Amino acid sequence: GAGVSQTPSNKVTEKGKYVELRCDPISGHTALYWYRQSLGQGPEFLIYFQGTGAADDSGLPNDRFFAVRPEGSVSTLKIQRTERGDSAVYLCASSLMGPPVEQFFGPGTRLTVL
Amino acid sequence: RKEVEQDPGPFNVPEGATVAFNCTYSNSASQSFFWYRQDCRKEPKLLMSVYSSGNEDGRFTAQLNRASQYISLLIRDSKLSDSATYLCVVTQTGANNLFFGTGTRLTVIP
């Protein structure tokens, strides 16, 4: 079946702009995660949804970052007033239930802030 | 201190060689352990889970030493297709996310 999909695959924006990154998890997966991966680093946790609610947003770096999952399926990661330091690959993952079961990752959105 | 530490490499080995990667984790409450593989510009994919008794999957063997908080991955008879970054991953009791190491880059040379 279809895996996790993310759009756009690449996003170039200017400093100070607002961006939205979309994640479509595997059908039936109740848990959804956002991670951020900088060059030469492993993915770093941002936020975890169980159903519609953000069960853990402890990884969000500051209040410019926000994510929603209104119907318990598709999720959108929103970044306000983007900064050059926000440039990274944003990865979404989903799993059938909450941790610590296997997480399946999407291909990521490569965000570049000029 | 990072939750998971790995030697970033790179490791360049000839085809057919045996190569081992090591990883240490800082939190003794770590619960589950995995090796993920990530190809260049692709997403991480689960390679194998790591069990206390050690486990093998074909040419790949994973070991866990809870006392030393140390995980290893051994690849025998390396293939060109094994070239990738190998990420050491742990979960912690009470935490919802995966903790990733920086990854170890392997290049298998013909």
Side-chain angles (χ1 to χ4, degrees), chain A residues 2-7 9-10 21 23-26 30-51 53-61 67 88-112, chain B residues 1-10 21-27 29-52 55 57 62 64 71 73 84-106:
Chain A
V4 178
S5 62
Q6 292 186 245
T7 54
S9 55
N10 281 282
L21 312 178
C23 171
D24 212 327
I26 293 172
T30 60
L32 184 146
Y33 309 79
W34 283 97
Y35 291 82
R36 176 167 74 173
Q37 186 172 24
S38 300
L39 194 63
Q41 301 296 315
E44 292 181 324
F45 170 72
L46 295 176
I47 188 168
Y48 157 59
F49 287 89
Q50 182 57 253
D56 182 352
D57 65 358
S58 61
L60 294 177
V89 176
Y90 288 80
L91 292 162
C92 176
S94 71
S95 61
L96 194 55
M97 57 186 74
V101 300
E102 179 181 358
Q103 297 180 19
F104 297 84
F105 284 81
T109 294
R110 184 172 298 273
L111 175 66
T112 303
Chain B
R1 185 182 175 188
K2 288 189 174 183
E3 300 287 345
V4 181
E5 303 248 21
Q6 285 183 259
D7 180 347
F21 305 136
N22 303 316
C23 160
T24 57
Y25 59 94
S26 61
N27 192 325
S30 293
Q31 183 181 23
S32 303
F33 308 89
F34 309 93
W35 284 99
Y36 273 68
R37 170 189 168 132
Q38 187 171 26
D39 292 291
C40 189
R41 291 183 167 258
K42 299 288 188 182
E43 70 273 23
K45 292 184 179 177
L46 179 65
L47 177 66
M48 60 196 300
S49 301
V50 187
Y51 303 116
S52 297
N55 48 298
D57 182 1
L64 167 64
I71 307 161
L73 177 68
T85 295
Y86 291 84
L87 295 156
C88 179
V89 184
V90 307
T91 67
Q92 294 176 359
T93 305
N96 296 297
N97 55 292
L98 301 176
F99 291 90
F100 286 83
T102 55
T104 299
R105 185 163 179 178
L106 171 67

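None of these values were measured; they are calculated from a predicted model. Just so it is clear: chains get the letters A, B, ... in the order the sequence lines come, proteins before strands, and each one is counted from 1.
- In this structure the side chain of A:E102 reaches within 4.5 angstrom of the side chain of B:Y36, judged on heavy atoms.
- Only the side chain of A:Y35 comes within contact range of chain B, judged by heavy atoms closer than 4.5 Å.
- Most heavy-atom pairs under 4.5 Å with chain B: of the set A:P107, A:G106, A:P43, this distinction falls to A:P43.
- A:Q6 and B:E43 share no donor-acceptor pair across their side chains, judged by distance under 3.5 Å alone.
- No part of B:Q6 comes within reach of chain A, as not one of its non-hydrogen atoms sits under 4.5 angstrom from that chain.
- Using a 4.5 Å cut-off between heavy atoms, B:F99 does not touch chain A at all.
- With a 4.5 Å cut-off on non-hydrogen atoms, A:Q37 touches chain B through its side chain but not through its backbone.
- Most heavy-atom pairs under 4.5 Å with chain A: of the set B:K42, B:Q92, B:R105, B:R41, this distinction falls to B:R41.
- Looking only at side-chain heavy atoms (C-beta outward), B:L98 and A:Y33 stay at 4.5 Å or farther from each other.
- Rounded to the nearest 0.5 Å, atoms CG (B:N97) and CD (A:E44) are 10.5 Å apart.
- With a 4.5 angstrom heavy-atom cutoff, B:P8 does not touch chain A via any of its atoms.
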